[in-house]
Amino acid sequence: MALADFLAELEQLASEAEAAFAQAADPAALESARVEFVGAKKGRLKQVQQGMRSVEAADRPAAGKQLNDAKNRIEQAAQQAQQRLNSSDQQTAAKPAFDPTLPGVRPRLGRLHPITQTIADMKDIMGRLGFTAVEGPEIEDDWHNFQALNIPLEHPARDPLDNFYLATAAGSTGAGAEPTLLLRSQTSTVQIRVMSETPPPVRIISLGRVYRPDTADATHYPMFHQIEGLLVDRQVTMADLKSVLRMFCQSYFGGQDVHIRFRPSFFPFTEPSVEVDMNWQSGWMEMGGAGMVDPNVLQAVGYDPEEVTGFAFGLGVERICMRRHGIQDIRDLYTNDVRFLQQF
Ligand code: FA5
């Protein structure tokens, strides 16, 4: 046999063996490739090796060297295949078997902020007392935030130090033809919006953010939430107001030992007016303001004060949430410390 033919046969054998070992996908395929190529008796390598006898004597050393190279290539391919299958075996063994009988694992979801939870509870309780929740804008004009609420131009409640006025297109804060705009300082604005658009009877609540340039301390924050309530009908009395607020507190605080008290006070848009406190630590904490809707306000929205009367209240949502959960400092609600928030 000519040396060139022998070498071609060897090359063909080696590359077929390499391909077969590379494709072996499981131990059985690996074993059958071994038998085919390097089997002790009938392996194809053995057969090619026997063909070396017919190569010219002078060419045999070169043929022998090439035979050894081919053997090495085939052995290496077999070893690599073995290693590949061993490591995929280990990976499969490392994975725990899927057990369809185990209970499912719940995804780790976030949770609602305590203020969002409080607002939902308040809507629920007041809804059961027959109050419909309505929304109002956070950017308000002078009419809804002050004028219609019986707060005249010279009233100290309009002081720029107590309100977040917005610069208008002309760059002023409302002097001249531009309307005065501000971030609403109370949800009482919604009373005016509702009464201007709806004839009596009215029975609504409105919950949302309000803004005041107050210095933050344990019970004050520059942005906070209020729940506003308004009921206008024939013969509504102060006793109705007190009953509704007591029922609300009883329902919201449940079995907790929470007492509320009413103190005479003054608001330009209610007459008489009260402040509502709840007991807190060894004293009292102000919860909100309330009173009978002032006849001037009823008139400003086109209602007849001889026909209808009403009560209104505006309570601080944060303080009520703090009282229920024993939160000592309002700032904890807005620091966004996950360890704090996870408790609710
Ligand atoms: C008012 O805002 C009135 N609009 C309430 C009202 C409505 C009276 C309807 C009559 C009729 P006052 O400014 O007191 O009232 O605020 C009400 C409540 O908001 C306070 O009692 C307190 O609970 C809460 N509050 C006020 N300022 C802050 C603040 N900076 N941070 C947190 N809560 C506050």
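Treat the numbers as computed from the prediction; the structure is a model and nothing was measured. Whatever order the structure lists ligands and atoms in, that order sets their numbers, starting from 1.
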Legend entry - Rounded distance (nearest 0.5 Å) linking atom CE of Met195 with atom CG of Leu230: 5.0 Å
Legend entry - Contact with ligand 1 for Met285, non-hydrogen, under 4.0 angstrom: no
Inset, instruction - Report whether Ile119 and Phe224 are members of the same hydrophobic cluster (ILVMFWY, side-chain heavy atoms less than 4.5 Å apart, transitive linking). - result: no
Inset, instruction - Report yes or no: does Arg324 contribute a side-chain atom to a donor-acceptor pair with the main-chain N or O of Tyr252 at less than 3.5 Å? - result: yes
Legend entry - atom 9 (C) of ligand 1: the protein heavy-atom neighbour that sits closest, reported with distance to 0.1 Å: Glu228 OE2, 3.4 Å
Inset, instruction - Would you check, one step at a time, whether the test side chain to side chain donor-acceptor pair (under 3.5 Å) holds for Gln117 with Asp121? - result: CA-CA 6 Å; Gln117 292 181 28; Asp121 288 348; over 6 Å; no
Legend entry - Thr219 heavy atom under 4.0 Å from ligand 1: yes
Legend entry - Gly288 heavy atom under 4.0 Å from ligand 1: yes
Inset, instruction - Starting from atom 31 (N) of ligand 1, locate the nearest protein heavy atom and write down its residue, its atom name and how far away it is, to 0.1 Å. - result: Tyr221 N, 2.9 Å
Inset, instruction - Identify, for atom 30 (N) of ligand 1, the protein heavy atom at the shortest distance, and state residue, atom and that distance. - result: Asp214 OD2, 2.8 Å
Inset, instruction - Would you please determine whether Phe269 falls within less than 4.0 Å of ligand 1 on a heavy-atom basis? - result: yes
Legend entry - Partner of Glu140 under side-chain contact (heavy atoms from CB on, under 4.5 Å), chosen from Leu181, Thr189, Val210: Thr189
Inset, instruction - Name the closest protein heavy atom to atom 2 (O) of ligand 1, giving the residue it belongs to and the distance to 0.1 Å. - result: Arg212 NH2, 2.8 Å
Legend entry - Parallel, tilted or perpendicular: rings of Tyr334 and His113 (30°, 60°): parallel
Legend entry - Under 3.5 Å donor-acceptor, Ser251 side chain and Met247 backbone: no
Inset, instruction - Could you list which atoms of ligand 1 come closer than 4.0 Å to a heavy atom of Ile330? - result: 32 (C)
Inset, instruction - Can you sort out which atoms of ligand 1 are near Thr270, meaning under 4.0 Å from one of its heavy atoms? - result: 10 (C), 11 (C)
Inset, instruction - Please verify whether a non-hydrogen atom of Glu318 lies at under 4.0 Å from ligand 1. - result: no
Legend entry - Protein residue, atom and distance nearest to atom 15 (O) of ligand 1, heavy-atom basis: Phe267 CE2, 3.5 Å
Legend entry - Donor-acceptor contact present, side-chain Arg323 to main-chain Asn279, <3.5 Å: yes
Inset, instruction - Find all atoms of ligand 1 within a distance of less than 4.0 Å from any non-hydrogen atom belonging to Ser188, and give their numbers and elements. - result: 4 (N), 7 (C), 9 (C)
Legend entry - Spacing of OG belonging to Ser206 relative to CD1 belonging to Ile227, to within rounding of 0.5 Å: 9.0 Å
Inset, instruction - Hey, could you give me the CD1/CG distance between Ile192 and Asn145, rounded to the nearest 0.5 Å? - result: 10.0 Å
Legend entry - Minimum-distance protein heavy atom relative to atom 25 (N) of ligand 1: Phe224 CE1, 3.3 Å
Inset, instruction - Please write down residue, atom name and distance for the protein heavy atom closest to atom 6 (C) of ligand 1. - result: Gly289 O, 3.5 Å
Legend entry - Closest protein heavy atom to atom 23 (O) of ligand 1, given as residue, atom name and distance to 0.1 Å: Met287 O, 3.0 Å
Inset, instruction - Check for a donor-acceptor pair, side chain of Asp233 on one end and backbone N or O of Val308 on the other, with a separation under 3.5 Å. - result: no
Inset, instruction - May I ask you to identify, for Glu286, whether its side chain, its backbone, both or neither come under 4.0 Å of ligand 1 on a heavy-atom basis? - result: both
Inset, instruction - Go through ligand 1 atom by atom and flag the ones less than 4.0 Å from a non-hydrogen atom of Gly316. - result: 18 (C), 19 (O), 23 (O), 24 (C)
Legend entry - Aromatic contact, His325 with Phe344 (centres under 6.0 Å): yes
Inset, instruction - For atom 16 (O) of ligand 1, state which one of Gln186, Gln226, Gln191 supplies the nearest heavy atom. - result: Gln226
Inset, instruction - With heavy atoms only and a cut-off of under 4.0 Å, state how Ser185 meets ligand 1: side chain, backbone, both or neither. - result: neither
